[in-house]
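For the single chain, residues carry numbers from 1 onward in sequence order. Model, not experiment: these values are computed from the prediction.
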Amino acid sequence: NIAIAGAGVAGGYLANLLEQKGISPDVYDGMDHDTRCRCRSCGWGAPKGIGPYLADIGLELNDYLLEHMTAMNFDGLVAKTPLCTFDKPGLIRDITKGIRLKRQNLEPDETDGYDIVVDATGIARALLPPCRSDLTLPTVQHRVAVESFDGGPLPAGVYGNQIPGLGYLWVFPLGMNQYHIGVGGIGNVRHKILLERFYQDLSGRFSCTTLCSCHGVVRVASPFYST
């Protein structure tokens, strides 16, 4: 008797693997991310090597692939990468089809009836205690329509030199001239002002129109102490 807290990519994937073994877990997810895409972020980058893992549960990476990021600018250094962006809302929608999904949160006092409980809520750690060591950055994230004045694309990139203190600004292509652009940082970081300044710096070559915006937190290092 298994319960999974969280019906995102991790929780949904685990539920599918268990279903293949004849085990139907109860999957709980009552989180409301209050974003247009109903996810914590609308753009998600991952290695293309996730393809075989998706195939293990009957899904095809190309059905969700938005853009290859074969090269990325790291503060002026352009390097090849195995990364891509894909349709995270679409993947979560399909990965949770056919599982026993309860649109409510699993509370700690409701776990006694299960033999195994898995906390797949990621950074939220809904059931697990806070990490003793964790490096997370508050973020502001935009989905942006970008028009190029000279026909050249806006390159994918991660820019730490744009941020005072600890943090970075990222640019991930989503296809169809749309990008996921965000700023994460701690300390004296004025996220919205930094994004506005970045768009201003691009204004000679690109016109940027923000389609949606959300706030969030990203983990930038694995906790050394997980409990």
Side-chain angles (χ1 to χ4, degrees), residues 4-15 27-35 37-50 53-54 64 66 69 72-75 79 81-89 91-92 95-96 105-106 108 117-143 156-174 179-192 194-195 198 212-227:
I4 300 172
V9 175
Y13 186 80
L14 174 59
V27 184
Y28 293 81
D29 197 324
M31 292 186 180
D32 182 2
H33 293 290
D34 193 27
T35 58
C37 64
R38 316 310 298 173
C39 294
R40 193 161 59 88
S41 64
C42 61
W44 206 43
K48 289 176 283 188
I50 65 170
Y53 296 99
L54 292 180
Y64 308 96
L66 296 177
M69 293 190 286
M72 183 173 287
N73 189 318
F74 296 94
D75 285 332
T81 79
L83 300 176
C84 64
T85 53
F86 62 89
D87 177 11
K88 182 179 178 182
L91 177 62
I92 291 176
I95 213 171
T96 54
N105 292 326
L106 178 61
V117 176
V118 179
D119 187 338
T121 59
I123 202 169
R125 296 176 70 91
L127 299 175
L128 291 170
C131 296
R132 286 186 288 158
S133 66
D134 207 358
L135 181 58
T136 60
L137 303 180
T139 69
V140 172
Q141 308 177 38
H142 290 171
R143 190 180 185 102
V158 175
Y159 305 98
N161 57 11
Q162 297 280 338
I163 310 299
L166 179 62
Y168 59 96
L169 181 149
W170 70 89
V171 179
F172 285 179
L174 302 177
Y179 289 78
H180 190 260
I181 300 176
V183 167
I186 58 177
N188 187 27
V189 177
R190 296 173 294 178
H191 298 75
K192 291 183 179 180
L194 289 171
L195 279 173
F198 181 70
C212 61
S213 175
C214 64
H215 296 76
V217 179
V218 296
R219 175 178 284 136
V220 292
S222 297
F224 183 76
Y225 298 104
S226 61
T227 59

message: So, taking the atom named OG1 in Thr81 and the one named CG in Asn73, what distance separates them when rounded to the nearest 0.5 Å?
response: 12.0 Å
message: Strictly distance-based, threshold 3.5 Å: is any side-chain N or O of Thr96 a donor or acceptor partner for the main-chain N or O of Gly12?
response: no
Side-chain donor/acceptor of His191 to backbone N/O of Pro138, under 3.5 Å: yes
field: Ile4 to Ala120 - nearest heavy-atom pair and separation
entry: CG2-CB, 4.0 Å
message: When you compare the side chain of Val183 with that of Phe198, does any pair of heavy atoms fall below 4.5 Å?
response: no
field: Verdict with supporting geometry, Trp170 and Gln162, side chain to side chain contact (heavy atoms under 4.5 Å, CB included)
entry: CA-CA 10 Å; Trp170 70 89; Gln162 297 280 338; over 6 Å; no
query: What class does the angle between the rings of Tyr13 and Tyr53 fall in, given that below 30° is parallel, 30 to 60° is tilted and above 60° is perpendicular?
result: perpendicular
field: For the student: nearest non-hydrogen atoms of Val218 and Gln141, plus distance
entry: CG1-NE2, 4.5 Å
- line: Closest non-hydrogen contact found for Met69 with Ala156 is SD-CB, 3.8 Å
field: Closest non-hydrogen atom pair between Pro173 and Tyr179, with its separation
entry: CA-CD2, 3.5 Å
query: So does Arg219 pair up with Asp134, basic N to acidic O under 4.0 Å?
result: yes
- request: Please report the shortest heavy-atom distance between Ser213 and His142, naming the atom on each side.
  value: OG-CD2, 3.2 Å
field: Qualifying residue, where the test is side-chain contact (heavy atoms from CB on, under 4.5 Å) with Val118 and the options are Leu127, Val27, Leu106, Leu14
entry: Leu14
- request: Without swapping roles, check the side chain of Thr85 against the backbone of Leu66 for a donor-acceptor pair under 3.5 Å.
  value: no
- prompt: Within the distance-only criterion (no hydrogens, no angle test), does the side chain of Asp75 pair as donor or acceptor with the backbone N or O of Asn161 below 3.5 angstrom?
  reply: yes
task: Please assess Leu137 against Tyr168 for the test side chain to side chain contact (heavy atoms under 4.5 Å, CB included), listing each intermediate value before the final yes or no.
output: CA-CA 9 Å; Leu137 303 180; Tyr168 59 96; 3.8 Å; yes
message: If you define the side chain from C-beta out and look only at heavy atoms, does anything of Phe86 sit under 4.5 Å from Lys48?
response: no
- request: Take Asp119 and Val117, measure what side chain to side chain contact (heavy atoms under 4.5 Å, CB included) needs, and give me the verdict at the end.
  value: CA-CA 7 Å; Asp119 187 338; Val117 176; over 6 Å; no
query: Would you say Pro164 and Leu194 make side-chain contact, with heavy atoms under 4.5 Å?
result: yes
